[in-house]
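This report concerns only the one structure given below.
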Amino acid sequence: MNSSENLFSKFLQSKSIFKNREALTISFSPENIPHREKQINDLGRILAPALKGGRPSNVFLYGRTGTGKTLISNFVGSELEKISENNGQTIKVLYVNCKMKRTADTEYRLMAYLSKMLGKVVPFTGLPTDQIYKAFFETLDEKKQTVILIIDEIDALVEKTGDEILYNLTRINQDLKNSKVSLIGITNSLGFIESLDPRIKSSLSEEELIFPPYNALQLQDILRGRASVAFIPGMLEPGVIEKCAALAAQEHGDARRALDLLRVAGELVERNTEQKVTVKHVDVAQEKIDIDRILETVKAQPRQSQAVLFSIIELAEKNKEIQTGEVYDNYQEICKKHGFKILTTRRVSDLIAELDLFGIINTKIISKGRYGRTRIISLGLSSSIIKKLKKLLYEIFL
DNA sequence: AGTCCACAGGAAGGGCAGGCGA
DNA sequence: TCGCCTGCCCTTCCTGTGGACT
């Protein structure tokens, strides 16, 4: 037996514990969606007028991450499309997530993306904004149809580009002769709708649906349903599903988190060529998910942001509470050492705020009276994550 | 009561890259 | 190739501020 066979033989001999790993990812569409019957029925009732050629009301969906908003709007949307085919109506459902980087995170990109989904190719950049609107409107109005536009993470879009785009979209029907458009806005920010211009608010939220967090028992049901598709029977030890559900329930009842935990736990078992998923694997999975998320975020940062974080980590080794000024001084040293351009304090201040937003650092603005106002910065991560983070940054900067 | 520190963070705009159409 | 448009990163300039110190 040669070495490469040796390398993989253990893996090949071991049987996979998964039947269909996909069932534990968010892109999977399960056959039934437990504990969301009310939301499905409500949304169906709201969108039903489209089947008789009417324009459904605009709807707003609220709820925290992993409460099924996206899943259900896509589910109801595709059911509607299916039925409309038999019914002689043309209904088109367009889904767009505004957090998709470089796809729909600006006004221009959103319109370009939507046009593309309707079959009209427009350049990614270069056209004036009013032309891209025109292109979208014209494509939309080419034939008689009802278009349901699902805008996911709508708060991210407004935060970045302002609410003018929503104003334009809510008035879109005034300019259309043939087609009708209704909007489904999805957000996990409960205060979002209140922050909108009243005119937009009233037309955007003609109807509202609330998605409460799942409790631990409901999460168990969801996990059992998915696990029966995902795993070969008998691969989960008792208590595994309960543990995943309990951990996810602590994090505001996030079904996505619960599924991730179960999937990663399964992957750990498979990688170690062990037999069964145990409660212990869930604990390891929990930590692994956190570490991976942080490391991926840091890796994806531009060099300047990494330099700022490196500065913070170096200082955090010496003292617990760090101020913006200290971070900047140390950052300058790092830049000199590596030949980077030194950014202004203003810019670095924004980079620090960004790192805070990502959850990599914790900041708090305090006043030290005579000695000024500043951010107090600390690393709010577990020691094992900090260790890996240090390793990653030392590889880059030493 | 007033001062003043060390920043926070808003507004405006410069410069560049990517990508058009002419 | 040129002029034009947009997004992005960044600078410049500026106003705002909580509370220790005088």
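Predicted, not measured: the structure shown is a model, and the values here were computed from it. Letters A, B, ... are given to chains in the order of the sequence lines, protein chains preceding strands, and every chain is numbered from 1.
For A:Leu357 and B:dG9, the CG to C1' distance is 15 Å, given to the nearest whole Å. The OH atom of A:Tyr371 sits 18 Å away from the C1' atom of C:dT17 (whole-angstrom rounding). Note: CD1 (A:Ile352) to P (B:dC7) measures 10 Å, nearest angstrom. Put simply, CZ on A:Arg303 is 19 Å from C1' on C:dC10, counting in whole angstrom units. Distance A:Ile322 CD1 to B:dA6 P: 18 Å, rounded to the nearest Å. Distance A:Lys364 NZ to C:dG18 P: 15 Å, rounded to the nearest Å. For the pair A:Glu354 CD and B:dG9 P, the interatomic distance rounds to 13 Å; values are reported in whole Å. A straight line from CD1 of A:Ile366 to P of C:dT17 spans 18 Å, rounded to a whole angstrom.
Between A:Thr374 and B:dA6, a side-chain N or O to OP1/OP2 separation shorter than 4.0 Å is absent. When the side-chain nitrogen and oxygen atoms of A:Arg375 are compared with OP1 and OP2 of B:dA8, one or more of them lie within a distance under 4.0 Å. Applying the 4.0 Å criterion to OP1 and OP2 of B:dC7, one finds that A:Gln323 has a side-chain N or O inside that range. Phosphate proximity of B:dA8 to A:Thr324: present, with a side-chain N or O under 4.0 Å from OP1 or OP2.
Contact check for A:Lys387 versus A:Lys390: no side-chain heavy atoms found under the 4.5 Å cut-off.
Taking the six-membered ring for Trp and thresholds of 30 and 60 degrees, A:Phe397 and A:Phe310 have nearly parallel ring planes, at less than 30 degrees apart. Ring orientation note: the planes of A:Phe18 and A:Phe231 are close to parallel, at an angle under 30° on the 30°/60° scale.
Taking only side-chain atoms of A:Arg347, from C-beta outward, the nucleotide of C:dC9, B:dC5, B:dG10 with the closest atom is C:dC9. Closest approach to the A:Ser349 side chain among B:dA8, C:dC10, B:dA11 is made by B:dA8 (side chain taken as heavy atoms from C-beta onward).
At a threshold of 4.0 angstrom between heavy atoms, the contacts of A:Ile342 are confined to the sugar-phosphate backbone, with no base atom among them.
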Q. Can you list the steps and then say if A:Glu354 with A:Ser305 is a side chain to side chain donor-acceptor pair (under 3.5 Å)?
A. CA-CA 9 Å; A:Glu354 243 172 56; A:Ser305 181; 5.0 Å; no

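In the displayed structure, A:Glu22 atom CD is contacted under 6.0 Å by at most 12 heavy atoms of other residues, nucleotides or ligands.
With hydrogens and angles left out, the side chain of A:Arg373 and the base of B:dG9 share no donor-acceptor pair within 3.5 Å.
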